[in-house]
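Lettering of chains follows the sequences in order, A, B, ..., and the numbering in each one begins at 1.
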Number of protein chains: 2
Amino acid sequence: METTTQAGSPAQPRAPLSKERVLSAAVALADEGGVDALSMRKIAQALGVVPMALYKHVANKNELLDGMIDVLVGEIDPPAGNTDWKTAIRRRVLSARRMLLRHTWATEVIESRMKARATPTPAVMEYLDSMIGIFRAGGFSVDLVHHAMHVMGSRLLGFSQELFEDSSGREPDPDAMPPEEMAARFPHITELAMAVAHDPDSVVGSGCDDQFEFEFALDLTLDGLERLLRRN
Amino acid sequence: METTTQAGSPAQPRAPLSKERVLSAAVALADEGGVDALSMRKIAQALGVVPMALYKHVANKNELLDGMIDVLVGEIDPPAGNTDWKTAIRRRVLSARRMLLRHTWATEVIESRMKARATPTPAVMEYLDSMIGIFRAGGFSVDLVHHAMHVMGSRLLGFSQELFEDSSGREPDPDAMPPEEMAARFPHITELAMAVAHDPDSVVGSGCDDQFEFEFALDLTLDGLERLLRRN
DNA sequence: AAGGTAGGTGTACGCCGTACACCCGTCAAG
DNA sequence: CTTGACGGGTGTACGGCGTACACCTACCTT
């Protein structure tokens, strides 16, 4: 059994590794067996490769987890044009939910990674940005969108809460984005951040009163329940 | 420096271990350094004891995590009597939030443990039960409470979502509670469960339409936002 | 032909959870 | 007073984990 590369061999012994192949193997492994069953060694084994080979494609396990989150976010349907904000948001959230149900480990990983990172990955940022865009296009003021994002909270995936939290004392982002590119790629996030904190440098800084936002969302919910109650 | 037990020594060399001491040491360690920095070995070291000593007080690390959750739930203020349901719920939720802010690792642990266990620990059950009780006392019908619990969702700690999910294929609960005791200790949960599924045996079984509940909560939120928008 | 580089390999280290055998102080029964 | 059970702390050891580091080997460029 010669397994070394042989020129004319019709069935090549192994496809070449790549970040995508590593990530989808990882996602597949997590789907069956949960995130506890996910180890670099198991992923390598599933790919027929030695564990350290993975490190040529992902820096470490945390980056791998971040990459997996991006894969998941990519599974969420893009925003549907030609509808009012309400159905657009509704569809998007329900699509996100379907993704979360497909990958039961997702919320756990998202939760823990969002706590650790200074900034969400670009894919996540893009998702949030387009979400904000839908609200803005629907006529929401910047302030109201801000509230809305907090209110949606965990239903928007579970991370908007953390997104707005103080980001100091976290793992420093290895390749933090310069503010100009930030503004160009995520216009809505930038707009919101500038309105919230009058300090455009700390783009998603802690210029917002978390406690106020929490109570705002809570009261909105309680009022909704009360209305239902009155209507008996 | 003789550290072995010596009869008349006024300062006894070490307090005797106990489950509470282990748990509070674990909570303290998690508070400073997050849940990743929490290992049986570190806890033991903090208590001046050999790692295996802990296993005389907790069965394994998962049970330790469950115990830690109970400690946290115990920090939530008990329900305030003599008020309407709305302020009672409000106070309770805000108290829970203060606890979560004190222990930033809490949501992560709760999230992962709730996914794994068949039934929440008694302390958690008690918390949920009293929460339901407040709604019921406020005049909510059983059905409406059911909706309400889903709506509050993560704001009620983050676990009611999982509580109502299908509980098959999870770690079997070592000491599952007999239904009678269940009904006696958690009357409100039982009432709700019986109404939802007409099968009183699978007390928090999957007799509820998760998708419906999710959309119900989503729409309640969206309607709330819409009202704010109209009032511009 | 020379040499850089991208990608897979092998070994090794320190951490983890915990199974298992042990040991010792206390206390009840004989 | 002896004995033996037992609750609780100990020591050793195993298998799995993430990953640092040195290597080797094809290939591509010049």
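With rounding to whole Å, K56(B) atom NZ is found 6 Å from dG8(D) atom C1'. Between the P atom of dG9(D) and the CD atom of Q45(B) lies a distance of 17 Å, rounded to the nearest Å. To the nearest angstrom, C1' of dA6(C) lies 16 Å from NZ of K19(A). Atom CG in L54(A) sits roughly 18 Å away from atom P in dA6(C) (whole-Å rounding).
For the pair W105(B) and V27(B), the minimum side-chain heavy-atom distance is below 4.5 Å. In this structure, the side chains of K56(B) and L17(B) stay at 4.5 Å or more apart for every pair of heavy atoms. Proximity of L47(B) to L54(B): side-chain heavy atoms (C-beta onward) are separated by under 4.5 Å at one or more points. For the pair T121(A) and R113(A), the minimum side-chain heavy-atom distance is 4.5 Å or more.
A distance of 5.0 Å separates CG in L72(A) from CE in M99(A), rounded to the nearest 0.5 Å.
Proximity of H57(A) to the phosphate of dA6(C): no side-chain N or O atom is located under 4.0 Å from OP1 or OP2.
Side-chain atoms of R91(A) do not come within 3.5 Å of backbone N or O of P79(A) as any donor-acceptor pair.
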N/O contacts under 3.5 Å, protein versus nucleotides 16-21 of chain D?
from    : atom 1 : to     : atom 2 : distance (Å)
dC17(D) : OP1    : S39(A) : OG     : 3.1
dG18(D) : OP1    : M40(A) : N      : 3.3
dG18(D) : OP1    : K61(A) : NZ     : 2.9
dG18(D) : OP2    : M40(A) : N      : 2.9
dG18(D) : N7     : R41(A) : NH1    : 2.3
dG18(D) : O6     : R41(A) : NH1    : 3.3
dG18(D) : O6     : R41(A) : NH2    : 3.3
dT19(D) : OP2    : Y55(A) : OH     : 2.9
dT19(D) : OP2    : K61(A) : N      : 2.8

